[in-house]
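Notes follow once the structure below has been shown.
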Amino acid sequence: MKSKYLPVALSAVFGLAAMTAASASTLEEVQERGILNCGVSTGLAGFSQIDDNGDWQGFDVAVCRAVAAAVLDDPNAVQFVPTTGKTRFTALASGEIDMLARNTTWTFTRDADLKFTFIGVNYYDGQGFMVPKELGVESALELDGATVCIQTGTTTELNLADYFRKHGMSYDPVPIETNTEARQNYLAGACDVYTTDASGLAASRSSFETPADHVILPEIISKEPLGPLVRHGDNQWEDIVRWVLNALIIAEEKGITAANADEKKAQSTAPGADTEIARLLGAEGEYGAIIGLDNDFALRAIKAGGNYGELFAKTIGEDTKIGLARGLNAQWTDGGLLYAPPFR
């Protein structure tokens with residue numbers, strides 16, 4: 001009986017917390033506080049991790065900093081709150097964090113039932129499998145009877161069950177809470193296989209002492225559109241976070257970088273110039289006022305760390321230890337899925 005009604009109870013709790021947290025303007029709270037509270041992972045190389053200097057770095061971290069730059073004129077005015085697969089939604093629903101930027105998959109129930117709003121996709125991913133090279137496994141279809149390390153409270157649990165059932169295979173799950181715990185169990189031999197988003201597997205493998213001893217199998221068994229999310233009920237805050245992300249995507253498409261953003265703005269009102277750049281960078285119109293900010297909000301967000309492509313390249317791209325190709329995350333003009341609505 002308890003398990004039957006638990007999802008309904010959780011939904012009710014999250015819904016009530018969301019309404020309570022949204023009763024005041026999130027923008028006003030963040031500006032009065034002077035700090036953006038941003039939920040991230042407990043540590044995933046390339047996406048959100050503390051460096052040797054004690055500073056948070058990574059692809060998801062950069063999105064938080066861009067929002068802080070837009071709203072507070074300071075990309076460093078962020079309090080990063082580490083969350084696990086289980087605690088992330090409670091932290092957002094309760095108001096402990098203002099936004100969540102933590103390799104989280106956009107699904108129907110998370111959007112509609114748990115009362116969250118995904119503001120876009122910042123990484124198109126899919127679930128994969130990693131195994132020790134010494135096992136000699138070349139395909140996920142050879143994993144019948146394997147022990148599998150899997151994070152609880154994630155979409156990977158259901159995807160894994162569906163995939164193995166579809167192919168008539170069995171497995172023994174080894175439940176874990178965090179990425180760190182997953183890596184430790186996998187390297188200790190507590191499981192034959194580690195499964196999560198393919199980007200997460202690449203990030204974990206990059207931290208191993210001998211990455212070449214581990215193989216990411218070719219099968220991708222799910223769609224995992226990852227992106228930042230906020231609570232239902234505060235449309236202004238939703239619009240702000242959404243259009244900061246969109247600004248980073250549009251900036252790459254238009255060739256606007258952290259280094260040339262001011263120059264691009266100065267040139268944007270010249271005869272024959274791209275008028276969308278003028279609107280985006282605040283040289284034309286009053287677009288910032290529509291969401292309660294000044295007209296330079298997108299300019300600051302871009303200057304905080306660069307456009308989408310710059311952030312990707314320096315945190316998880318092919319020239320980093322993570323080594324991810326753009327693939328589906330390339331701009332739509334380059335055959336990828338990355339596409340932002342017009343800034344007009």
Side-chain angles (χ1 to χ4, degrees), residues 40-52 57-61 82-88 102-105 123 125-167 169-224 226 315-316 318 320-325 327:
V40 292
S41 74
T42 54
L44 183 62
F47 287 88
S48 51
Q49 189 176 47
I50 298 177
D51 64 17
D52 294 337
Q57 303 291 346
F59 189 62
D60 289 331
V61 166
T83 63
T84 68
K86 283 187 173 181
T87 65
R88 54 185 166 173
R102 182 203 177 282
N103 53 300
T104 298
T105 303
Y123 193 91
D125 210 343
Q127 184 173 337
F129 301 91
M130 180 165 62
V131 298
K133 188 175 182 179
E134 64 182 12
L135 290 183
V137 174
E138 297 181 354
S139 168
L141 297 174
E142 301 173 36
L143 297 177
D144 190 20
T147 55
V148 184
C149 280
I150 184 168
Q151 280 187 273
T152 54
T154 66
T155 57
T156 56
E157 290 182 287
L158 294 176
N159 294 337
L160 180 67
D162 289 346
Y163 183 78
F164 273 70
R165 182 170 56 248
K166 176 181 178 181
H167 293 285
M169 301 188 300
S170 64
Y171 66 96
D172 292 321
V174 178
I176 45 87
E177 293 270 345
T178 67
N179 294 308
T180 300
E181 186 181 347
R183 291 191 294 268
Q184 290 172 344
N185 276 269
Y186 171 76
L187 291 174
C191 53
D192 304 311
V193 186
Y194 177 30
T195 184
T196 189
D197 299 336
S199 64
L201 295 177
S204 293
R205 184 174 64 173
S206 72
S207 68
F208 295 167
E209 186 175 345
T210 53
D213 288 347
H214 305 271
V215 177
I216 297 176
L217 300 178
E219 287 84 1
I220 298 295
I221 67 169
S222 68
K223 295 183 296 182
E224 304 293 332
L226 310 179
T315 57
I316 57 176
E318 291 182 287
T320 68
K321 290 176 61 177
I322 315 301
L324 295 173

**Request:** Keeping the roles fixed (side chain from R88, backbone from G85), state whether a donor-acceptor pair exists under 3.5 Å.
**Result:** yes
**Request:** Measure across D144 and S170 and return the closest heavy-atom pair with its distance rounded to 0.1 Å.
**Result:** OD1-N, 2.8 Å
**Asked** Roughly how far, to the nearest 0.5 Å, is CG of D60 from OG1 of T315?
**Response** 8.5 Å
**Asked** In Å and rounded to the nearest 0.5 Å, what is the OG1 to CZ distance from T320 to F59?
**Response** 11.5 Å
**Prompt:** Is there a donor-acceptor contact under 3.5 Å from the side chain of T104 to the main chain of R102?
**Reply:** yes
**Asked** Are a donor atom and an acceptor atom from the side chains of S139 and E219 found within less than 3.5 Å of each other?
**Response** yes
**Complete:** dist D162:CG -> E157:CD (nearest 0.5 Å) comes out at 11.5 Å
**Message:** Testing T105, D197, T195 one by one against Q127 for a side chain to side chain donor-acceptor pair (under 3.5 Å), which residue passes?
**Reply:** T195
**Asked** Which is it for L160 and F129 under the side chain to side chain contact (heavy atoms under 4.5 Å, CB included) test, yes or no, and what are the steps along the way?
**Response** CA-CA 10 Å; L160 180 67; F129 301 91; 3.6 Å; yes
**Item:** Residue pair N179 / S41, side-chain heavy-atom distance below 4.5 Å
**Value:** yes
**Prompt:** Hey, does N159 have a side-chain heavy atom less than 4.5 Å from the side chain of E224?
**Reply:** yes
**Asked** More than 12 heavy atoms of other residues, nucleotides or ligands under 6.0 Å from CD of E138: is that the case?
**Response** no
**Prompt:** Do Y186 and H214 have a side chain donor and acceptor closer than 3.5 Å?
**Reply:** yes
**Asked** From M169 CE over to E142 CD, what is the distance, rounded to the nearest 0.5 angstrom?
**Response** 10.0 Å
**Request:** Find out whether F208 and D213 are in side-chain contact, i.e. whether some heavy atom of one side chain is under 4.5 Å from a heavy atom of the other.
**Result:** no
**Asked** Between I316 and Y123, is any pair of side-chain heavy atoms under 4.5 Å apart?
**Response** yes
**Asked** Are the side chains of V148 and P173 in touch, meaning some heavy atoms are under 4.5 Å apart?
**Response** no
**Prompt:** Quick one: OG on S207 to CG on L187, what's the gap to the nearest 0.5 Å?
**Reply:** 7.5 Å
**Prompt:** Which pair of heavy atoms, one from S206 and one from I322, lies closest together, and at what distance?
**Reply:** OG-CD1, 3.2 Å
**Message:** For a quick test of reading the model, state the closest non-hydrogen atom pair linking G128 to L201 and the distance between them.
**Reply:** C-CD1, 3.4 Å
**Prompt:** Without hydrogens or angle criteria, can the side chains of Q151 and T156 be said to hold a donor-acceptor pair below 3.5 Å?
**Reply:** no
**Fill in**
In terms of heavy-atom contacts, A190 and T147 come closest through O-OG1, 4.0 Å
**Prompt:** Would a 4.5 Å heavy-atom cut-off, applied to side chains only, mark Y163 and L141 as touching?
**Reply:** yes
**Request:** Check F164 against L143 and note the closest heavy-atom contact, atom names and distance.
**Result:** CE2-O, 3.6 Å
**Request:** Drop me the distance from I50's CD1 to Q57's CD, to the nearest 0.5 angstrom.
**Result:** 10.5 Å
**Asked** So which heavy atom on C149 is nearest to which on N185, and how close?
**Response** SG-CB, 3.7 Å
**Request:** Find out whether L44 and S204 are in side-chain contact, i.e. whether some heavy atom of one side chain is under 4.5 Å from a heavy atom of the other.
**Result:** yes
**Request:** With the side chain counted from C-beta on, respond yes when T154 and T196 share a heavy-atom pair under 4.5 Å apart, and no when they do not.
**Result:** no
